[in-house]
Visitor: 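Okay, here's the structure, questions in a sec.
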Amino acid sequence: MDPLYDEETIAAVRALKEDAEALADLIVLNDSREAIDAWKQAVDNRLLPRLMPEFPLVAAICGGGSSGKSTLFNTLVGSSASPTGGRAGINRRILVSLNTVHSHTTGVASALFEPFGCPPRQMTDMEELTTPGDPLLHYGPCLPAGLALLDTPDFDTGAGGSYRNREMAEQSLRAADILIYIFTNANYNNRDNTDFVARMLTAVGTRNCFLVYRAYSGFTDGEILEHAGTVARNLYGDQAQQHVLGVYRTGEDNQVAAGQRPMDIVPVRIGQPGLMTALSRMDPRKVRGELHRSIFNDVVRQGKRFLEAARESREHLSLYLACLRTAQQHRVQDALGHLPMDAVVRRFSEIWQDTDPAHVKIMRNTGRLVEAPVRLLMRAAKWAGGGKSKPKNKPDGGDMAAAMAADLVRAANRLRQAAVDPAVVLHLPEADPATSPLREAVRQLTKKTGATDRRTDSGKVTFEVPLHPALAAIQADLRGQNWSVIVDDMLSRQARLIGLTNSLEAELQRLASEQRSRMTTFDQIRQTFSAMLNIIPATAAVTYVLHTGDPVGAVGIKVKLAGLFGLNDLYALVAIPATAGMKKADLKQLEALLGPVARAWLTHKLTAIEALFEETITGPLLQRGQVLIENSADRIESMSDNLARCGRAMEKTP
C-alpha cells in the first residue's frame with residue numbers, strides 16, 4: 001500500500017492543517033496568513049479528499065467542436081444530461097457528473113470543484129449549460145462510484161486565434177486524472193488541437209488518455225489505428241504507446257447525433273475491454289499517484305515554511321515579554337527609592353527582644369538606664385547643631401510619604417509608556433547578566449521583527465523590540481484606559497504597600513527563630529554582656545539608631561539582594577552607629593543578621609509593587625502573551641511531529 005494513503009499519514013496531514021490554522025490565529029502570522037489560508041484550502045480540497053478511499057477517478061471528455069463530446073458524455077452517464085446537436089459550441093460550461101452515492105459524501109464534490117474556484121451547484125436545467133458561467137454538478141445512478149466524469153466546452157470554437165471556451169477547457173483538463181479525447185476524420189491531424197491537449201496532459205506530471213475516433217463505418221480498424229497513432233504521437237511524441245490506454249471507435253449516426261440513442265463505443269484491438277469497463281477498473285490512487293505526490297510534496301514544503309514562521313513569531317513574542325518584564329523590574333526598583341527600612345528593622349528588633357531569655361531582658365533594662373546619659377548628650381548635640389544632623393536626602397514624616405508617592409507615580413508612568421509604545425526600549429549596562437541573552441535573541445530576530453540593539457558611548461546597550469502583533473488589541477485597550485484614575489487608585493493603596501503584612505510578620509518571626517538557632521554558646525554569652533554593657537552588637541545597634549533617630553557617628557551597610565527578581569544592583573541600606581565598641585567582627589555579625597531581614601522586607605515590597613503594576617498596567621499583556629506562548633508551543637511541537645510523519649511517508653513512497 002502506498003504510504004501516502006495510510007490512515008496515519010492522512011491523520012498527520014489533517015492535524016498539520018489544524019496546527020497551522022491554530023498558529024495563525026494564536027500568534028498572528030501576518031506575513032503568512034494569506035498563504036496559510038490558500039494552503040489550508042489546498043489541503044482541504046485538493047489533498048485530503050483525494051487521499052480518502054472514496055474519492056473518485058476524474059476523467060474529462062475533451063475534443064474539438066462538433067466532435068461528439070456531449071453525446072459521449074450522455075452515453076457514459078446513462079442519461080441525457082448535456083445538450084447535443086450539430087452546431088459547435090453549444091455548451092458553454094463544464095458539467096461534472098457523479099454517482100448519487102456522493103451526494104451524501106462530505107467533501108468530494110467540494111474537492112472536485114476546488115480547481116474551478118467555486119462551490120459545487122447542482123444543475124437544475126440542462127439549458128444552463130448553454131450560457132457562460134461556473135461549472136455545474138450532476139448526480140446520476142449509472143456512473144461507477146469510483147468515477148467522476150467531466151463534459152467540457154469546445155476548446156477550438158472561435159476565430160483569429162481567439163477561443164472563447166479555452167480558459168474553461170484548460171481548467172477542466174488540469175483538474176482531470178485522465179482524458180478521453182474524441183476526434184473525427186476532419187480534425188484528427190489538427191496540430192493546434194493536439195498541441196493544446198498535449199500541454200494540458202503534461203502540465204503537472206504526464207497523464208494518460210483514451211482515444212475515441214468518431215468515424216464512418218467504412219473505415220477499417222487498421223485505418224482507425226493509423227489515424228489514432230497520429231493523434232497519439234502528436235500528444236505524447238515517442239512516449240505515445242506508454243500513455244495511450246486504449247483506442248475506441250464509434251460510428252456516424254444521425255439518431256446518435258440527435259441524442260435519440262447512445263453511442264456504440266467499440267474497442268479497436270481484440271481483447272481490449274469496453275471504455276466504461278476500463279474506466280471502472282482503474283485505481284484512482286495509482287492513476288493520480290504522481291499528481292498526489294506533487295501536491296503532497298508542496299503541502300509538506302509549505303508546512304515547513306509555516307512552522308519556521310511560527311517559531312520565529314513565538315520567539316519574537318517571548319523576547320517582547322522578556323523585555324517588558326525587565327522594564328517592569330527596573331520600574332519596581334525605581335518605586336522603592338524611599339521605602340522606609342526602619343519599620344521592618346524596628347519590628348525585627350522587637351521580635352528579637354521579645355524572644356530574648358529572661359535574664360537578657362533584665363540586663364537590657366539595666367543597659368537602658370546606663371544609656372540614658374548618653375541619649376541626653378546626643379540630643380544636646382542635635383540641638384547645638386541646629387537640628388541638621390539628619391541626612392538632607394532622607395525625607396521624614398509627610399515628606400517621606402510624598403517622596404514615596406512621587407517615586408511610585410514616576411515609575412508607573414515610565415512603565416505604562418513602555419507598555420503602550422510601539423516597541424519596548426531598554427538601556428542596560430553591558431556588564432549586566434541580562435544583556436548577553438537579550439542581545440543574542442535580538443540579533444536572531446532582527447530581520448523578521450525589526451528588533452535592534454546598539455551600544456552607546458556610556459557603556460550601555462540599548463534594546464528596542466517591537467510589539468508583537470498578537471498583543472496589539474490588548475495594547476489598544478490599555479492605551480484607552482483612564483490613566484489618571486488608575487494613578488489615584490495606586491496612590492490610595494500606598495499605605496498598605498509599605499506596611500507590615502501578615503506574611504512579612506511571619507517571615508520576620510521565622511528569621512528571628514532561625515538566627516537564634518544558629519547562635520553558639522559564645523554568642524549567647526556575648527549577647528548577655530552586651531545587653532548589660534550596651535556595647536551595640538547585633539540588634540542592640542539597630543535599636544539604638546532607630547530609637548534615638550540620630551545617625552551621628554553612624555556608618556551604613558549594604559545588603560545586596562542578588563538575584564531578586566533578576567535585579568543585580570539593588571541594595572538595602574541600613575544605618576548603624578560606629579561606636580568605639582563596634583568591632584569589625586561585630587559589624588560582620590550585624591550584616592549577617594540584617595541581610596536576611598532586608599531581603600525579606602524588600603522581597604515582600606517588590607512583590608507587592610510588581611503585583612500592583614501588573615494589575616494596573618502590564619498584566620493583560622504579560623498574561624495573554626504567556627498563554628499564547630504556552631499554547632503555541634504545543635501546536636509547534638505537534639506540527640513538527642506531523643511534518644516528520646509526512647516526511648517518512650514521502651521517503652517510503654515508491
Side-chain angles (χ1 to χ4, degrees), residues 18-34 36-37 306-332 335 411-426 434 437-438 441-442 444-446 448-452 463-483 485-487 489-490 493 565-566 606-640:
E18 293 170 356
D19 290 335
E21 187 176 18
L23 285 168
D25 291 334
L26 279 172
I27 48 180
V28 193
L29 305 176
N30 281 342
D31 295 340
S32 303
R33 186 63 209 233
E34 186 175 342
I36 285 179
D37 288 342
F306 299 148
L307 176 61
E308 184 61 27
R311 284 172 171 159
E312 289 174 349
S313 181
R314 185 173 181 271
E315 289 169 3
H316 175 197
L317 180 57
S318 298
L319 178 60
Y320 176 82
L321 295 181
C323 289
L324 184 60
R325 287 193 183 97
T326 302
Q328 177 171 276
Q329 290 163 1
H330 282 81
R331 300 297 79 80
V332 168
N413 281 334
R414 293 181 65 187
L415 180 59
R416 181 180 183 275
Q417 193 61 50
V420 300
D421 276 349
V424 173
V425 180
L426 291 176
L438 283 179
V442 166
Q444 291 180 0
L445 295 173
T446 295
K448 295 290 183 180
T449 67
T452 61
F463 296 97
E464 186 170 346
V465 179
L467 174 76
H468 191 281
L471 301 178
I474 294 176
Q475 188 191 68
D477 291 341
L478 176 61
R479 192 182 291 112
Q481 293 176 351
N482 190 326
W483 180 237
V485 172
I486 294 174
V487 170
D489 178 60
M490 283 193 291
R493 307 189 207 184
F565 292 102
L606 282 164
T607 302
I609 294 176
E610 184 174 56
L612 176 65
F613 282 173
E614 288 197 13
E615 177 187 344
T616 56
I617 305 173
T618 61
L621 289 168
L622 295 174
Q623 292 163 16
R624 178 58 179 165
Q626 191 59 41
V627 168
L628 293 176
I629 285 175
E630 292 171 359
N631 292 346
S632 61
D634 294 337
R635 288 289 187 177
I636 286 172
E637 182 179 1
S638 173
M639 195 171 185
S640 179

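The basis for the numbers below is simple: all heavy atoms, side chains too, and nothing from hydrogens, waters or symmetry mates.
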Visitor: Can you list everything that forms a side chain to side chain donor-acceptor pair (under 3.5 Å) with D477? Sequence neighbours excluded, please.
Guide: none
Visitor: Under the rule for side-chain contact (heavy atoms from CB on, under 4.5 Å), what residues qualify as partners of Q623, not counting sequence neighbours?
Guide: none
Visitor: Output all residues satisfying side-chain contact (heavy atoms from CB on, under 4.5 Å) with Q475, sequence neighbours left out; order by chain, then residue number.
Guide: Y320, L467, R479, L621
Visitor: Between T326 and V424, is any pair of side-chain heavy atoms under 4.5 Å apart?
Guide: no
Visitor: With salt bridge (charged side-chain N to carboxylate O under 4.0 Å, His left out) as the rule and sequence neighbours excluded, what pairs involving residues 317-326 come up?
Guide: none
Visitor: Return the set of residues passing salt bridge (Lys or Arg N to Asp or Glu O under 4.0 Å) with R416 (not counting sequence neighbours), or none when no residue passes.
Guide: none
Visitor: Check whether any side-chain heavy atom of V465 lies under 4.5 Å from a side-chain heavy atom of H316, and answer yes or no.
Guide: yes
Visitor: Under the side chain to side chain donor-acceptor pair (under 3.5 Å) test, which residues partner Q417, sequence neighbours left out?
Guide: D421
Visitor: Restricting to side-chain contact (heavy atoms from CB on, under 4.5 Å), what partner residues turn up for Q481, sequence neighbours left out?
Guide: L478, I486
Visitor: Just jot down the side chain to side chain donor-acceptor pair (under 3.5 Å) partners of S638, sequence neighbours excluded, or say none.
Guide: D19, N642
Visitor: Restricting to salt bridge (Lys or Arg N to Asp or Glu O under 4.0 Å), what partner residues turn up for E614, sequence neighbours left out?
Guide: none
Visitor: Under the salt bridge (charged side-chain N to carboxylate O under 4.0 Å, His left out) definition, can you give me all pairs with a residue in residues 618-634, not counting sequence neighbours?
Guide: none
Visitor: Would you please name every residue forming a salt bridge (Lys or Arg N to Asp or Glu O under 4.0 Å) with E615, sequence neighbours left out?
Guide: R493
Visitor: Minimum heavy-atom separation for G625 to L471, with atom names?
Guide: N-CD2, 3.9 Å
Visitor: For a 4.5 angstrom cut-off between non-hydrogen side-chain atoms, does Q328 reach L622?
Guide: yes
Visitor: With sequence neighbours left out, write down each residue that passes side-chain contact (heavy atoms from CB on, under 4.5 Å) with A418, or none if nothing qualifies.
Guide: none
